Every structure is written in C-alpha cells, then in structure tokens.
2 protein chains.
Amino acid sequence: MSTFTPARVTAAQESWELIRRLWTGNFPRMAALFAEFDLAKQQAFALVHLEPDQPKPMSELAASMFCDASNITGIADRLEARGLVERVPAAHDRRVKTLVLTPEGVRVRAVLAARMAEPPESVTSLSAADQRALRDILRRATDGA
Amino acid sequence: MSTFTPARVTAAQESWELIRRLWTGNFPRMAALFAEFDLAKQQAFALVHLEPDQPKPMSELAASMFCDASNITGIADRLEARGLVERVPAAHDRRVKTLVLTPEGVRVRAVLAARMAEPPESVTSLSAADQRALRDILRRATDGA
DNA sequence: TATTGTTATACTCTATAACTATA
DNA sequence: TATAGTTATAGAGTATAACAATA
C-alpha cells in the first residue's frame, strides 16, 4: 500500500486505493492521446461526452463535466474554432444552445472514445476468469449508481 | 454501458469503463473536500504525495504528479505561503530543494489522505465476499505495476 | 556539459458575479 | 421572476524556453 492509505486497511479501502492507482497510472497514456490530437484534457472529455446526432444543451454538458456552465462557453469556442463542434439553438427554447458534433468531430470523437475505452495492461493481463469476476463485481457496485 | 464504450464489449473493457465511472463519480466528493480546506486540486494532491519526515525533491514530486517541474514552483509557493510546506535545500546536492511538511502540513495532510482513502458507497455497499474478491483481483492486476 | 529549480510567456481551466435574451 | 448562455475578472495549472547556480 502507499502514502494514500492508513496502516490498517479494510478490503474496501485497499480496493479503492488500487482503483486510484489503476486510474492515475493511466494519466501518461491519456496525456499522450490528447497531445496526439492537440486537444486540452477538458476539450477531449467534452468531445467524448457528446454523441453523434444527439444535440446536447451546454448546461447539460456542464453538469456531466462537474463544472460551472460558464466554463463551457470557452471550451465550446475552442472546439468550434477547430471545426469539431457546432452550436445549434434548441427549437423548443430559444435560450438553449445545443452542441452538435460536426462530421470531423464525429471522426475524432470515435477515435478518442475508442482509445480511452482501451483497458490498461494491468486489466487485460488478468486471467479471463478474473476479468469476468471483476466486471461482475463492478456491475454490482455501480448498480444503483 | 455508456457513451465511452463501443457496442460489443469485452469483460476487460467493461471493467475499465466501470472503474472510470467509479472514479469520476467521486469528483464532487473530492471537490467538496478540497474546498473544505480551501486547497486547489493539485495543491491537495501535492500535499498528499508528501510524507511526514520524508523530504521530497521538487523534481521527484513533479514526476509523481506527471507534470513539468516548472509547475511545482508555483504549487510549492502557495503551499509554503499557507504554512503547510517548507523548502529545505538538500545536503548532498545544493541544486536540489526538498519539500517538507510543517507540523500544520502534517495535520492537514493526515485528514486529506484519510478522507481521500475512504472508499465510495458503491464499494462499501458490496458484500464482504465481493470486497475481498475485488481486492484480490485488483492486487493481481497491479502486481507488476 | 548536464541538471535543479526559477522565471517569463502564452494558453487553458476554474468559480463568481453581472449581464442579455428569453421564458 | 427565473433560466441559459455570455462576458469580465481573478486565480490556478500547463508546457516551453531561457536563465542562474551547482554539479
């Protein structure tokens, strides 16, 4: 165990610490991926949060990204300047602007999402039985959530 | 499954997606914790990366945090201004400056680390058997790493 | 010559508060 | 009045490049 956990650890605490380690261990891989597309981290996440043919209100994106709505303005500006996203006013409420992936945005998002979904070696190197058991337990854990 | 994963998913891919969901689901809790101590995210992480009575060279901290060394200057400045950290020149190499937790830094770090190590409800609500199985699989996954 | 930490620069992200246009 | 998005502001993090002190 590490720095981040006390001396006596429950199975839940140790699991959480190992999950943290698994996740943060992937920072370099993610950073390299974003750099490859010359996208800032939040731009990449915003892109992946958008789905093809599913206009998403900016306020909704802010909620998904756990940030204030005012931040989305700038992020959308930069993605729009790159031609990856378009602002489309909502029909039912003229205050709302939705974000829509452009064809280029759809392409970039597909690659980003696929690469981000690739499990790290720590997971793929588990036995098939462990992989299934891990999935089943995590399904139970995230069931209500 | 979500946005982030393709239609046909292996157990490893789904596990990875569920881990992502578990981790990002904790953003609000972490944000609230950092706000409680009036610390920016990276300041909190830097603090937790430091251990009592273990002077850490700034360059080493940069490596742990996967960021450029130049960023640590500002982060250390702000932690030092708060009285949580001190810069102590290394004896063996006068180019190196180490960061050391002050007594107050030790106290704050202890609380931060403990709270960050608390597993989310998704994990604690698993059966005891599932918690142990999860821990064992994750141990095997992160074994080499 | 190479390395550690600093500085300068330019950019991105962050929340808050004030504004606009709608509702 | 209330809400969606924008703008302005101030602060924080980010990498790059140039610099000082030291090795």
Side-chain angles (χ1 to χ4, degrees), chain A residues 24 27-50 55-82 84-100, chain B residues 24 27-50 55-82 84-100:
Chain A
T24 60
F27 275 30
R29 211 184 76 184
M30 289 300 107
L33 174 60
F34 302 153
E36 209 177 296
F37 286 89
D38 196 28
L39 287 167
K41 193 199 249 182
Q42 299 306 86
Q43 290 168 28
F45 278 117
L47 216 47
V48 174
H49 272 292
L50 297 172
K56 185 161 189 154
M58 294 177 72
S59 55
E60 236 177 76
L61 182 58
S64 308
M65 294 182 60
F66 300 114
C67 74
D68 190 85
S70 64
N71 297 321
I72 302 300
T73 299
I75 293 171
D77 283 349
R78 291 179 274 273
L79 289 176
E80 206 169 22
R82 290 275 301 266
L84 300 172
V85 147
E86 234 181 331
R87 270 179 247 239
V88 177
H92 66 290
D93 185 339
R94 279 152 44 196
R95 291 172 302 180
V96 175
K97 288 179 198 160
T98 64
L99 297 180
V100 180
Chain B
T24 60
F27 275 31
R29 210 184 77 183
M30 288 301 107
L33 174 60
F34 301 152
E36 208 177 296
F37 287 87
D38 196 27
L39 287 167
K41 195 199 250 182
Q42 300 304 85
Q43 289 169 29
F45 278 116
L47 216 46
V48 174
H49 272 290
L50 297 173
K56 186 161 189 152
M58 294 176 72
S59 56
E60 234 179 79
L61 182 58
S64 308
M65 294 182 60
F66 300 114
C67 73
D68 191 85
S70 64
N71 297 321
I72 302 299
T73 299
I75 293 170
D77 283 349
R78 291 179 274 273
L79 289 176
E80 206 169 22
R82 290 275 301 267
L84 300 172
V85 146
E86 236 181 330
R87 269 178 248 240
V88 176
H92 66 291
D93 184 339
R94 276 153 45 195
R95 290 173 303 178
V96 174
K97 288 179 198 161
T98 64
L99 297 180
V100 180

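So you know, we letter chains A, B, ... as the sequences are listed, proteins then strands, and number each from 1. Nothing here was measured: the structure is a model prediction, and the numbers come from that model.
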**Prompt:** Any idea which heavy atoms bring B/Ala69 and B/Ala62 closest together, and the distance?
**Reply:**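 That would be CA-CB, 3.7 Å.
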**Message:** Can you give me the closest heavy-atom contact between A/Phe37 and A/Arg82, atom names plus distance?
**Reply:**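 Closest approach of A/Phe37 to A/Arg82: O-NH2, 2.9 Å.
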Side-chain donor-acceptor contacts of residues 28-35 of chain B below 3.5 Å, not counting sequence neighbours, with atom names and distances?
unit_1	atom_1	unit_2	atom_2	d
B/Arg29	NE	B/Asn26	OD1	3.2
B/Arg29	NH1	B/Asn26	OD1	3.4
B/Arg29	NH1	B/Glu118	O	3.4
B/Arg29	NH2	B/Glu118	O	2.5

Please report the distance, rounded to the nearest Å, between [atom1] in [X] and [atom2] in [N].
X       : N      : atom1 : atom2 : value
B/Glu60 : C/dG5  : CD    : C1'   : 14 Å
B/Met58 : C/dT3  : CE    : P     : 18 Å
A/Leu39 : C/dT12 : CG    : P     : 11 Å

**Asked** Under the side chain to side chain donor-acceptor pair (under 3.5 Å) rule, what pairs show up with a residue in residues 36-47 of chain A, not counting sequence neighbours?
**Response**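 Checked against side chain to side chain donor-acceptor pair (under 3.5 Å) - neighbours excluded - the pairs reaching residues 36-47 of chain A are A/Glu36-A/Arg115.
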**Prompt:** Residues two or more places apart in sequence or in another chain: which of them pass side chain to side chain donor-acceptor pair (under 3.5 Å) with A/Ser64?
**Reply:**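 For A/Ser64 the side chain to side chain donor-acceptor pair (under 3.5 Å) partners, ignoring immediate neighbours, are A/Lys56.
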**Of all pairs that satisfy salt bridge (Lys or Arg N to Asp or Glu O under 4.0 Å), the ones with a partner from residues 57-81 of chain A, not counting sequence neighbours** =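 For residues 57-81 of chain A: A/Asp77-A/Arg87, A/Glu80-A/Arg87.
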**Request:** Tell me, please, the opening and closing nucleotides of DNA chain D, 5' to 3', among those with an atom under 4.0 angstrom from a non-hydrogen atom of chain A.
**Result:**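 For DNA chain D, the relevant span reads D/dA2 to D/dT7.
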**Request:** Would you classify A/Thr73 as touching base, sugar-phosphate or nothing, given that sugar-phosphate means primed atoms plus P, OP1 and OP2, and contacts are heavy atoms under 4.0 Å?
**Result:**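 It contacts base atoms.
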**Message:** For nucleotides 13-22 of chain C, give me one character per nucleotide, 5' to 3': B if any protein heavy atom sits under 4.0 Å from the base, S if the only such contacts are to the sugar-phosphate, - if neither.
**Reply:** SBBB----BB
**Item:** With sequence neighbours excluded, residues passing side-chain contact (heavy atoms from CB on, under 4.5 Å) with A/Val100
**Value:**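 Here the qualifying residues are A/Pro55, A/Val88, A/Thr98.
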**B/Glu86: salt bridge (Lys or Arg N to Asp or Glu O under 4.0 Å) partners, not counting sequence neighbours** =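 For B/Glu86 there are no salt bridge (Lys or Arg N to Asp or Glu O under 4.0 Å) partners, ignoring immediate neighbours.
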